[in-house]
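A quick write-up on the structure given underneath.
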Amino acid sequence: MSNIILDTKNVGKIKGLFYLPDYQRGYRWTSEEIKLLLDDIYESAGKPYCLQPIVVKKSNERFELIDGQQRLTTIYLICKYMEAKLGDLYEPSFKLEYETRKESANFLGNIDLSLRELNIDYYFIASTYEYIEQYFTEKTQGERREMAAYLTKLNEYFISSVNVIWYEVDSAENGIELFERLNIGKIPLTSSELVKALFLKDSVRDKMSGRQEEISLQWDMIEQELQNPSFWGFLSNIDGDQMPTRIDLILDLMVDKSGNDREKYRTFFYFDRQIKSLSETTTENPLLEIWSRIYHVFLTLREWYTNHDFYHKIGYLITIGVPLRKIYTVWQNDGNTPLAKDIFLSELDKMISESISIKDKEELLSLSYDTRKDKLQKVLTLFNVETERLMDDGKRRFPFDKHKDSIWSLEHIHAQNAESLKKNKDILTWLESHIALLKSSESSIFEVNNELIEKMEILIEQLHSDKDPGNVRERFNEIQKEVIIIFTSKEDVVKENSYSHGLANMALLDVSQNAALSNSVFDVKRHRVINYDKEGRYIPICTKHVFFKYYTQEGPSLFFWGETDRRDYAEALNEKISPYYKQDNNDTTIPNLTNGNYDTEESDF
């Protein structure tokens, strides 16, 4: 890593002869990539715009082009078009040649569209040149003077604001192996790896006061800690396997919001500009100052992770989609002294209150699956997080990492119909699970109709056979209505669907791949949850409490989810959610809901 040259270069100032070895595939960009590149450059309007890396190795008087052929060839063709329209002063400042396709270099230098069908390289090069002409013709409606102005402006951007990452590796580096690492995905070149190279490259060794090895060890330590599933699950909703280097989360957090969001290496360019800017304005070592900032952000996030209340409140907010950047910005206090712990906790409570936006118990219990699924999901997530936070005097922690390994959906604790079952396999699963329950030793408490069981068995047999049973939906609808009545408490039978979609009949279940379970009665779901628990699978704590009847205060029946169950469940929900109800307009203070005593001094992290 230390024997590299890493810098940014203006596109218009790239010079030299670039040699494309035989392990490189030919040029293959299409109009889609070219349009995106040109649109981005013009939309940047002269502000710094960053292209992806050009990875090269110096070999005698030329550069072996290891990565970046598609971008560099496109830039070359754009320059060739500018030369054709504006004259020799706009001739490309660099050249390309090929190890095994020498005629392609000649074609690049003297494009003849009539020869496009001779080989595949000619075809893509000619197609790109034609599209470049089409792009500028459409933008200027073919008006020569306007086109000249448009191209002149593009050239100004090339020599002033459009940059590439110049990544020149040691001459002893094996180009083929590096090409494979970059393009097969073994070690992708991420923004964080490029930022790390800024600190460790050989040319800054003297400026680092012997700190390079220390920074390298700290960098690796941060990356290792972020590999901890619990830490990562707290900070991010992104699958960690999709992040080759997780320290990018910290670096991205420090990048301002300006710039083009489509720039893959925007974070690297931000730090590169920061270092250069500090070099011009301070006598201190800018690299050490920048590293101090990075390490400080990590320590802040680690402090949040270890603090019991911060962990649960921030973890909840991130889980429901609040950006980590927004939370970090609140803590930063508009760039002033970071907030004291108690004030930050109050701010977090306000954000949680805003996320559910409920004023009282009446509004809480009025939430319906039909109208406010989004709010229901947040309420039930908060219910689970708060339950874990407040249990065992702060000794338990909500497992955000395990929670995010599954897709949790709002499910009826007791389903009153199975209208969404349309596939025969789902109908079959539903019938088999419910007939098994009717035949179990527990069935003595039910008024089981043997004729109903027989109808279910006949339909199961027909669904298993190759014959089309016909009218499956109609017969199944009749059967499932009878079954549901058996498994519904007597006081609820007359209520039909009046309570079905309310909050007190909803829980979080991972049944995204099991429509039959989603539409099952309470006792079928209870047995499934018990089996999941025996298997050691993660179940949200409040979902487990629902199906184990922890909330029901008097005479709980394990087989029904009745009015008493719903009433006590609603009380438990209200108890956990009520501290976050919206306050009166005259009182915007949210109570500081901590699980311990915290000092009121300014935060030291």
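Atoms considered below: every heavy atom in the structure, side chains included; atoms not considered: hydrogens, waters and symmetry mates.
Classified by interplanar angle (parallel below 30°, tilted 30° to 60°, perpendicular above 60°), the ring pair Tyr538/His403 is perpendicular.
Residues Asn163 and Thr8 bring no donor and acceptor atom of their side chains to less than 3.5 Å of each other. For the residue pair Tyr581/Asn574, the side-chain donor-acceptor check at 3.5 Å is satisfied. Looking only at atom types and distance, the side chain of Asp565 has a donor-acceptor partner in the side chain of Thr552 under 3.5 Å away. Thr245 and Ser192 form a side-chain donor-acceptor contact under 3.5 Å, judged by distance and modelled atom types alone.
The only option from Phe234, Trp304, Phe231 that meets the side-chain contact (heavy atoms from CB on, under 4.5 Å) definition with Tyr311 turns out to be Phe234. Residue Phe383 is tested with Lys576, Glu575, Lys378 for a side-chain contact (heavy atoms from CB on, under 4.5 Å); the sole match is Lys576.
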Inset, instruction - Decide salt bridge (Lys or Arg N to Asp or Glu O under 4.0 Å) for Lys549 and Asp568; before the verdict, give the C-alpha distance in whole Å, the side-chain angles of both, and the deciding distance to 0.1 Å. - result: CA-CA 10 Å; Lys549 290 295 185 86; Asp568 292 344; over 6 Å; no
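A search for ring-ring contact (aromatic ring centres under 6.0 Å, His included) contacts involving Trp219 returns Trp291, not counting sequence neighbours. Not counting sequence neighbours, Tyr270 has no partner by the ring-ring contact (aromatic ring centres under 6.0 Å, His included) test. Take Asp401 and apply the side-chain hydrogen bond (donor to acceptor under 3.5 Å, both in side chains) test, not counting sequence neighbours, and it matches no residue.
A cation-pi arrangement is present between Lys373 and Tyr369, with the terminal nitrogen or guanidinium carbon under 6.0 Å from the aromatic centre and inside a 45° cone about the axis. For Arg293 and Phe271, the positive end is not near the middle of the six-membered ring at less than 6.0 Å and at most 45° from its axis.
The ring of Phe344 has its center closer than 6.0 angstrom to the ring center of Phe310. Ring-centre distance between Phe522 and His414: not below the 6.0 Å cut-off.
Put simply, the side chain of Arg246 reaches to within 4.5 Å of the side chain of Glu223, judged on heavy atoms. Side-chain contact between Gln52 and Arg71 is present, with at least one heavy-atom pair separated by less than 4.5 Å.
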